[in-house]
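Below is one structure; the comments refer to it alone.
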Protein chains: 2
Amino acid sequence: MSRDSTQASKQRRRSDQITLSQVAQAAGVSPITASRALNHPDKVSESARTSVLEAVEQLGYVPNLVAGSLASSRSKLIAVIVPSLINTVFVEVIKGLQETLEAEGYQILLGNTDYDLDREYQLVRTFLGWSCSALITAGLRHNHACQTLLNNWDHPIMEVMELGKGMDLNVGLDHVAAGRCMATHLIDQGYRHIVYVGARLSQDYRAGMRYEGHKKVLQAKGIEAPLVELDTLGSLQAGAESLQQVLTLYPQTQAIHFANDDLAAGALLAAQRQGLNVPGDIAIAGFNGLPLGQHVTPQLTTILSPREEMGRLAAKELIRRLSGKNVYRRQHDVGFTLQVGGST
Amino acid sequence: MSRDSTQASKQRRRSDQITLSQVAQAAGVSPITASRALNHPDKVSESARTSVLEAVEQLGYVPNLVAGSLASSRSKLIAVIVPSLINTVFVEVIKGLQETLEAEGYQILLGNTDYDLDREYQLVRTFLGWSCSALITAGLRHNHACQTLLNNWDHPIMEVMELGKGMDLNVGLDHVAAGRCMATHLIDQGYRHIVYVGARLSQDYRAGMRYEGHKKVLQAKGIEAPLVELDTLGSLQAGAESLQQVLTLYPQTQAIHFANDDLAAGALLAAQRQGLNVPGDIAIAGFNGLPLGQHVTPQLTTILSPREEMGRLAAKELIRRLSGKNVYRRQHDVGFTLQVGGST
DNA sequence: AAAAGGAATGGTAGCGCTATCATGACAGCG
DNA sequence: CGCTGTCATGATAGCGCTACCATTCCTTTT
């Protein structure tokens, strides 16, 4: 009877957005049938389904995902937390994740910790509040509060980048082994005075792990393993500057093992500008396998890490888990490849 | 009386997560007061506030943002839609956005269209369903459905990357002018046989706009403006390969104006490998001002576009608008800078 | 023919939070 | 002393959707 809402005691609808009930009414079915037509199409008759879809089209209905998530306590959101977007490595992992997750209808909620574990905790708290269906985070290190919070969370957690025993799922590579690999290569090439150069190893602790591997190999041969730690972020510029610094501190240096390709390429290009011969005067090695390294002359010796692949695999495994399938392995090693160029 | 829920007719709580009501009970206040203590701290007495915060701490309460958003039809989510993550340009804009938005407590919902406007429409639909408080999208071109959908949406919309009359807010630069700028520089340097090389200009239509500017300048001088369009994405590799192609198609070429620095740097490095002198045999220019261009020899002539700055400014203007302040200008030109290196 | 099973649909009651209005307490005012 | 205004708090009623159970109608089984 009271069609018009003049008395409308407690009207609260702010936006005049179309609701599922209106769609249902237009389609001549109950709201719950309309809901099913959209979310479980196989559970309604074809006639109901088509009339609902028509009504959706006609009214321009946009499902309120917030309401849906609250009612079902599920969502198609996946939280992705990385320490930095400046470092292209993480971006490439995100790329791989994004590609795979979006294809399955998931949306990415992106967070950046700036290498701050407390910040990470705050982000995790916020993201859990969105009842994400999973969380992907870069690295195995978290602060205590974060650890407890996540332990009590009953959704999949995927830790990427480095290999190890995580909280739940893990896709990554063994950075210590990568460091050993490159150090071994340098020694095999006959170099004995080898410096490792990294940038902010306390933040980029994976580069620190590579140094650990590097050091072990050298020490096993009775060789010193000097470390030069830069206080800037890794970049071509920083690499160029570090070259000078290394040669001043350790004039006998024959080879430099850089923590990443940006540094290494920066140093290589700087060496050329200074008329130094690579690898004759100084050998240079990097890590990551960025395209840039293949385009400089001589080509950069580096370790190729499958970053996008890591993202894709992580996403795939996560989806597997989310769709209720059995997970046989929680740890996945994506490996790495030594790429020998002319720079060593 | 009935404290235990044995008969529990229609219990539906799936997760045993702490709710605000439990916090309120522990703090000895009503749920609404607890809500206020957390969201409008100045609207409750200090005693209430502290006891609520204590209870939150003690119980490890994590606010359910989904429920909050539904009730208030507001959220701290901001949708960000870009055409690609492979192109670092967009990533840098995201970086700028992210930095500024996260500092203000906003979360980013990230979408990638893969240069497909229909995909963009789908993403927009989905994101509107999350009742985002704003939407940021790269570019001014959208399909019709998307346009209508967004016109009826009553939240701020920010279109970035290129300058022009958008739907709402806009931060970007004039790509036609940038193309003109570089073409003028090349002509001033005395080059007359100039080829423009771009990759998939129908997708990267902003590179196409730069070509338009380039062409106009050349034609005004009565010079031909040949275009070589590559079918791959812009990359060092593609740039290296295109060099050959250009020299075969247009043997007289004196200068190549590349659509971006990746292509240009790839070509420059390839030229060096082939023993060609840059700029003596062939001059090379790019666009973007990537760090790489400053580290090759000779330095790459390019146009510096303030990408992170664009993201930061866009985020700032958006926040301004979201906090209800007056917006005086809807369009913001971030400009560009010609960087002359030794390559032209 | 009666019982049992299945498919399509709907009614009801929340999900956890906040907007709205109502209340009571107390200060300031003429 | 009543009147108005401000402040802190609370009761109530949703936000738009879906889980859960119930109902109906039809097909299959013994």
Side-chain angles (χ1 to χ4, degrees), chain A residues 5 7-52 56 59 61-76 126 128-131 133, chain B residues 5 7-25 27-52 56 59 61-76 126 128-131:
Chain A
S5 53
Q7 52 122 225
S9 56
K10 286 208 177 188
Q11 287 300 25
R12 189 131 71 88
R13 299 206 49 243
R14 273 158 297 275
S15 63
D16 45 3
Q17 220 181 269
I18 308 294
T19 71
L20 186 57
S21 298
Q22 295 175 42
V23 170
Q25 195 166 24
V29 297
S30 74
I32 186 70
T33 301
S35 167
R36 277 193 277 250
L38 294 175
N39 300 315
H40 309 280
D42 51 319
K43 300 219 165 193
V44 297
S45 66
E46 194 178 323
S47 66
R49 199 181 323 134
T50 54
S51 60
V52 168
V56 164
L59 297 174
Y61 169 68
V62 177
N64 185 328
L65 300 174
V66 177
S69 297
L70 179 59
S72 66
S73 68
R74 278 182 288 99
S75 83
K76 280 276 200 171
T126 307
L128 295 201
W130 281 108
S131 45
S133 49
Chain B
S5 53
Q7 51 121 223
S9 56
K10 284 209 177 185
Q11 287 301 25
R12 189 128 73 86
R13 298 204 52 244
R14 274 156 296 275
S15 63
D16 45 3
Q17 219 180 273
I18 308 295
T19 72
L20 187 58
S21 297
Q22 296 175 43
V23 170
Q25 196 167 25
V29 297
S30 73
I32 188 68
T33 301
S35 166
R36 278 193 277 250
L38 294 175
N39 300 316
H40 310 280
D42 51 319
K43 300 219 164 193
V44 297
S45 66
E46 194 178 320
S47 66
R49 201 183 321 137
T50 54
S51 61
V52 168
V56 165
L59 298 174
Y61 169 67
V62 176
N64 185 328
L65 300 175
V66 177
S69 296
L70 180 58
S72 66
S73 66
R74 278 185 288 99
S75 83
K76 280 277 201 173
T126 308
L128 294 202
W130 281 108
S131 46

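Quick note on labels: first sequence line is chain A, next is B, and so on, each numbered from 1.
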Worksheet item: For the side chain of B:Ser51 and the backbone of B:Ser47, is there at least one donor-acceptor N/O pair under 3.5 Å apart?
Response: yes

Practice prompt. Output yes when at least one side-chain N/O atom of A:Ser35 is less than 4.0 Å from OP1 or OP2 of D:dT18, else no.
Written response: yes

Worksheet item: Base, sugar-phosphate, or nothing for A:Ile32, non-hydrogen atoms under 4.0 angstrom?
Response: base

Worksheet item: Starting at CH2 of B:Trp130 and ending at P of D:dC17, how long is that distance when rounded to a whole Å?
Response: 13 Å

Worksheet item: Is the phosphate of D:dC15, meaning OP1 or OP2, less than 4.0 Å from a side-chain N or O of B:Ser73?
Response: no

Fill in: Euclidean distance, atom NE2 of residue B:His40 to atom P of C:dT20 [Å, nearest integer]
11 Å

Discussion item. Without decimals, in angstroms, what is the distance between A:Glu46 CD and C:dA8 C1'?
Written reply: 14 Å

Worksheet item: With a 4.5 Å limit on heavy-atom distance, are the side chains of A:Trp130 and B:Ser69 in contact?
Response: yes

Worksheet item: At their closest point, which heavy atom of A:Val23 faces which heavy atom of A:Leu59, and how far apart are they?
Response: CA-CD1, 3.9 Å

Worksheet item: Starting at CG of B:Leu38 and ending at C1' of C:dG16, how long is that distance when rounded to a whole Å?
Response: 13 Å

Worksheet item: Using a cut-off of less than 4.0 Å, is there contact between a side-chain N or O of B:Thr33 and OP1 or OP2 of D:dA8?
Response: no

Fill in: A:Lys76 NZ to D:dC17 C1', straight-line distance once rounded to whole Å
17 Å

Worksheet entry | Spacing of A:Leu20 atom CG relative to D:dC15 atom C1', expressed in whole Å | 14 Å

Worksheet item: NA contact type, A:Arg49, heavy-atom cut-off 4.0 Å: base, sugar-phosphate, or nothing?
Response: nothing

Discussion item. D:dC17, OP1 or OP2 - any side-chain N/O from A:Tyr61 closer than 4.0 Å?
Written reply: yes

Worksheet entry | Spacing of B:Leu65 atom CG relative to C:dC15 atom P, expressed in whole Å | 18 Å

Worksheet item: Can you check the A:Gln22 CD to D:dG16 P distance for me, whole Å?
Response: 9 Å

Worksheet item: Picking from C:dT9, D:dT18, C:dT18, which would you name as closest to the side chain of A:Ala71?
Response: D:dT18

Worksheet item: Do the side-chain N or O atoms of A:Ser30 get closer than 4.0 angstrom to the phosphate oxygens (OP1, OP2) of C:dG10?
Response: yes

Worksheet item: Hey, is the side chain of A:Asn39 poking within less than 4.0 Å of OP1 or OP2 on D:dT18, counting only N and O atoms?
Response: yes

Worksheet item: Distance check: side-chain N/O of B:Arg74 vs OP1/OP2 of D:dC15, anything under 4.0 Å?
Response: no

Worksheet item: For DNA chain C, whose closest nucleotide is more 5', that of A:Lys43 or that of B:Ala67?
Response: A:Lys43

Item to complete: Determine yes or no for a side-chain-to-main-chain donor-acceptor pair under 3.5 angstrom, with A:Arg36 supplying the side chain and A:Val44 the backbone.
Response: no

Worksheet item: Where the side chain of B:Ser131 meets the backbone of B:Arg74, is there a donor-acceptor pair that is under 3.5 Å apart?
Response: no

Practice prompt. Quick one: pull up OG in B:Ser30 and CG in B:Leu20 and give me the separation to the nearest 0.5 Å.
Written response: 9.0 Å

Fill in: Closest listed nucleotide, where the reference is the side chain of B:Arg36 and the choices are C:dT20, C:dT9, C:dA19
C:dT20

Worksheet item: Picking from D:dC17, C:dT9, C:dG16, which would you name as closest to the side chain of A:Val44?
Response: C:dT9

Item to complete: Give the nucleotide from the list C:dC15, D:dT9, C:dT18 with an atom nearest to the side chain of A:Leu70.
Response: C:dC15

